[in-house]
Amino acid sequence: MTTQPTVTPKGTVLLLGARSDVARATARRYAAAGYAIQLAARDPERLAAEKTDLELRYRVAVTLLPFDALDVAGHGAFVAALPVLPDVVVCAVGLLGKQAEDEQDIAAAITVMRSNFEGPASILGHLANAFAARRSGTLIGISSVAGDRGRATNYIYGSAKAGFTAYLSGLRNRMAGMGVHVITVSPGFIATRMTAGMDLPAKLTATPEEVAEAIFAAQEKRRNVIYVRPIWWLVMLIIRNIPEPVFKRLKI
Amino acid sequence: MKLSGWGRTPVHDTRLVQPDDEAGLRAALADGPLIARGNGRAYGDSAVGRQTVDMRRFDRVLAFDPATGQLVAEAGILLGDIIAAFLPQGWFPAVTPGTKFVTLGGMIAADVHGKNHHRDGGMRATIDWIDVMDGAGQVQRCTPADNHDLFDRTVGGMGLTGIILRAAIRLRAVETGWIRQTTTPAANLAAAMDLLDAETSATYSVAWIDCLATGDAMGRSLVMTGEHAQRDELGRHPPLPRAKGKKSVPVDLPGVALNRYSVRAFNALYWQAGLRKQGTQLVDWDSYFYPLDAILGWNRIYGRKGFLQFQCVLPDATARAGMTALLQAISASGQGSFLAVLKRLGAEGTGVSFPQPGHTLALDFPATARAQALFDRLEAITLDHGGRFYLAKDARLSARILRAADPRMEPFAAQRRAGGEAGHFASMQSDRLQL
């Protein structure tokens with residue numbers, strides 16, 4: 001086999017929050033399928049090794065872009081300055097926070113909420129408008145099962161994810177006639193740096209590679225809402241249907 | 001948390017950390033002795049320590065030179081990912097063990113060998129340099145020429161000399177992803193060893209032994225050799241085989257699933273299938289090198305108690321008598337091995353690495369009390385015949401037997417103590433073996 005030059009891209013995918021483990025795995029999945037990759041994160045120079053890795057493995061073009069999810073005033077300019085308007089956007093921006101501490105430190109709680117709702121909603125809002133004008137594209141938001149019902153142990157994070165889930169739902173509804181597809185991904189537990197050290201149940205915990213595969217498959221099949229491990233659909237169905245007088249006394 | 005190797009026994013409590021940069025590794029070093037772990041495919045307790053450092057986040061390709069095939073990558077990259085990236089570019093690992101679910105760092109730590117060891121040597125022969133983090137957190141580059149003492153002790157040193165961070169290795173240029181395989185039945189052990197000894201020019205050679213055959217047929221084998229197929233041999237096949245589907249073992253099978261009858265039936269069927277396939281055929285790289293990888297989680301067929309693997313190498317002078325004695329002991333015990341593999345090894349490794357010229361035999365058994373008794377016997381036979389053991393497979397050797405089999409081990413342990421490595425790098429295996 002002769003070594004071929006860089007392949008003609010099948011499309012371009014933009015990863016927002018590209019330093020996360022899920023974004024990293026997703027970038028690899030799309031690169032393996034022949035997509036050109038845009039990695040957007042704060043301090044993108046720290047992603048130089050990821051860029052080299054993707055280029056050497058998959059011979060696709062990789063662009064590093066500075067992006068701050070909380071700098072919502074800059075999001076319009078970020079989209080306008082994109083070297084190529086992507087075909088697919090995966091928003092992996094998120095901040096778990098520390099629930100117990102954030103209950104007392106409301107400013108920290110607000111940062112968690114802004115990171116999980118305001119920032120992602122803002123950037124996807126700008127991208128949705130650009131996609132609508134072009135009349136094509138796929139927006140993929142990584143939300144969380146934590147948004148399905150507020151619980152004492154993670155409601156600051158969960159409430160923002162609930163907002164994000166509702167936003168994605170509404171955006172999907174608005175974009176349905178415009179050739180733009182919106183996918184909501186609820187990964188459940190993922191074994192990542194964010195959850196390192198937590199004792200997570202193995203059957204409910206996905207790897208970043210599994211999430212990446214589910215995202216890629218969801219786009220190919222034009223799914224709307226996915227739980228990465230289907231068991232989560234059942235778990236959350238039960239949790240959502242526990243009557244409030246009972247639920248408020250539970251420790252889950 | 002509880003952690004084991006691929007054989008699922010023994011299980012130990014460990015503190016598992018998953019750093020993603022060198023600062024994280026230094027922090028782990030400050031927390032006490034540790035052992036680096038790749039993808040957990042060593043069978044026993046080689047990669048389980050009181051503190052275990054999961055290296056899987058260090059998995060980037062750092063450089064590749066298409067003129068020479070030199071690949072520079074972080075230690076946690078999977079061999080399968082190397083193949084996925086570089087086979088389409090015309091390159092294949094120069095040395096590969098029997099699974100692609102191992103990491104680069106693990107391959108170096110165990111100085112793995114492949115079906116081409118008799119000709120090309122082991123992992124060591126493919127390495128240009130490695131970067132190793134020592135107990136002080138300093139990164140040392142070592143090559144076969146510079147800082148070679150550390151190089152020789154690290155390749156095959158089971159992670160006990162430092163943390164392997166990165167390596168530069170040579171890949172082999174190939175025209176296709178296909179192997180031209182020739183299967184030759186051998187009626188008994190002597191015939192199989194004759195064939196392996198005669199096939200020194202074949203790139204790849206290995207024999208699968210029906211270890212339940214007895215009498216005149218004891219050690220009857222299918223001897224399989226292979227060559228990388230050239231493009232003009234493919235006929236209608238595309239140069240890159242299509243990816244194959246994976247099956248997985250979803251639950252632990254009950255311990256009785258593998259008994260002498262089912263193992264005997266499997267071995268008999270495999271033998272018959274091999275007879276039908278004898279001659280030459282094209283086989284895709286994945287089926288040829290990694291037949292078991294197609295069944296994800298195959299270790300679960302042995303049930304919750306797990307299994308033990310035995311692998312020794314016997315020098316040429318004693319190999320025939322020794323292999324006969326090993327097979328007789330297995331046959332007498334009535335325990336069959338699902339997989340029994342015989343292979344010719346070439347050059348001696350350095351440091352404490354496993355290979356030496358001779359024949360190596362690898363066998364799996366469910367981890368039962370009877371298997372433990374059989375292992376006592378197999379270890380004694382190995383000692384009597386001047387053989388040595390493969391630490392990447394070991395879950396149960398004693399420090400005494402290891403030293404009796406391998407005079408390199410005590411100097412290795414002494415240097416670890418004198419140089420301070422013993423205080424920073426330790427696995428449950430090194431504790432057990434007093435390394």
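The shown structure was predicted, so the numbers you read here are calculated from the model rather than taken from an experiment. Order of the sequence lines sets the chain letters (A, B, ...), proteins ahead of strands, with each chain counted from 1.
When atom types are taken as modelled, the side chain of B:E74 and the backbone of B:L62 share no donor-acceptor pair closer than 3.5 angstrom. Side-chain atoms of A:E118 do not come within 3.5 Å of backbone N or O of A:M113 as any donor-acceptor pair. Counting only distance, with no hydrogens or angles, the side chain of A:D105 and the backbone of A:E101 share no donor-acceptor pair below 3.5 Å. Not a single donor-acceptor pair under 3.5 Å links the side chain of A:D87 to the backbone N or O of A:G11.
Residues of residues 206-221 of chain A lying under 4.5 angstrom from chain B, judged on non-hydrogen atoms, do not exist. Listed in order of number, the residues of residues 20-29 of chain A that approach chain B to under 4.5 Å between heavy atoms are A:D21, A:R24, A:R28. Against chain B, the residues from residues 38-50 of chain A that qualify, each with a non-hydrogen atom under 4.5 angstrom away, are A:A49, A:E50 in number order.
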Show, in sequence, the C-alpha distance, side-chain angles and deciding distance for B:W298 and B:W6, and conclude whether the side chain to side chain contact (heavy atoms under 4.5 Å, CB included) test is met. CA-CA 10 Å; B:W298 64 265; B:W6 181 242; 3.2 Å; yes
Stepwise side chain to side chain contact (heavy atoms under 4.5 Å, CB included) test for B:I163 and B:F58: CA-CA 12 Å; B:I163 304 173; B:F58 298 84; over 6 Å; no
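A:K251 is linked by a salt bridge (charged side-chain N to carboxylate O under 4.0 Å, His left out) to nothing, counting only residues two or more places apart in sequence or in another chain.
In terms of non-hydrogen atom pairs under 4.5 Å with chain A, the most contact-rich of B:I77, B:V17, B:V61, B:L16 is B:V61. Taking chain A as the reference chain and counting heavy-atom pairs below 4.5 Å, the highest number among B:I82, B:D20, B:D59 is found for B:D59.
At most 12 heavy atoms of other shown residues, nucleotides or ligands fall within 6.0 angstrom of atom CZ in A:R223.
Of the two parts of B:R57, the backbone and the side chain both hold a non-hydrogen atom closer than 4.5 Å to a non-hydrogen atom of chain A. For chain A, the nearby part of B:F86 is the side chain; its heavy atoms alone come within less than 4.5 Å.
Using modelled atom types and a 3.5 Å distance limit, the side chains of B:T203 and B:N116 yield no donor-acceptor pair.
Ring planes of B:W178 and B:H237: tilted class, angle from 30 to 60°. Between B:H228 and B:Y204, the ring planes are perpendicular. Angles over 60° get that label, and only those under 30° would be called parallel. Classified by interplanar angle (parallel below 30°, tilted 30° to 60°, perpendicular above 60°), the ring pair B:F307/B:Y43 is perpendicular.
With values rounded to the nearest 0.5 angstrom, A:R151 atom CZ is found 11.0 Å from A:Y157 atom OH.
At least one side-chain heavy atom of A:L65 sits under 4.5 Å from a side-chain heavy atom of A:L14. B:D120 places a side-chain heavy atom less than 4.5 Å from the side chain of B:R172.
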